[in-house]
Amino acid sequence: MDCLFCKIISGEIPSSKVYEDEYCYAFRDINPQAPVHILVVPKCHIESADVICGGNSLYVAKVFEAIPKIAASESLSEGYRVITNIGKHGCQSVKHLHFHILGGKQLSEKMD
Ligand code: DGP
């Protein structure tokens, strides 16, 4: 499968890793939008949050278990934002489910 994030998970494409376990991989975004901008991805290929189902939701749960650990390791004690983009209107550019962790500054209230 020709998937950028599958290649990052396998190490074929280098990345700045911040966390890894059996189910997920986290690395720094190449184009950071905040002082801390990390992407967390499940190690199995899931196209987007729109196809989460009983067959793959364990990976999603494990991603969400990893997020507080990553936030703590990045000293995001004042809070942070978790975003996932879905499809064209959601401006999803990489078709492998990923959650952006944004923090390290006061984020805007604007959501769109
Ligand atoms: P989204 O627009 O939600 O699909 O976000 C995709 C993110 O992936 C975007 O913020 C930039 C990041 N990105 C794209 N290519 C690479 C890459 O090769 N390495 C890293 N570290 N991040 C990438």
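Note that ligands are numbered from 1 as they come in the structure, with each ligand's atoms numbered from 1 the same way. Values below: all heavy atoms of this structure, side chains included; hydrogens, waters and symmetry mates excluded.
- Hydrophobic clustering keeps Ile83 apart from Phe64 (ILVMFWY residues linked when any side-chain heavy atoms are closer than 4.5 Å, directly or through intermediates).
- In this structure, Tyr25 has its ring center at least 6.0 angstrom away from the ring center of Phe5.
- Closer than 4.0 angstrom to ligand 1 by heavy atom are Leu4, Phe5, Ile8, Phe27, Arg28, Asp29, Ile30, Leu39, Asn85, Cys91, Gln92, Ser93, Val94, His98, His100, sorted by chain and number.
- With rounding to the nearest 0.5 angstrom, the CZ atom of Arg28 is 11.0 Å from the NE2 atom of His37.
- In this structure, the side chain of His100 does not engage the main chain of His98 through any donor-acceptor pair within 3.5 Å.
- Between Glu22 and Lys62 no salt bridge is recorded (no basic side-chain N to carboxylate O distance below 4.0 Å).
- The CG atom of Leu97 lies 5.0 Å from the OG1 atom of Thr84; values are rounded to the nearest 0.5 Å.
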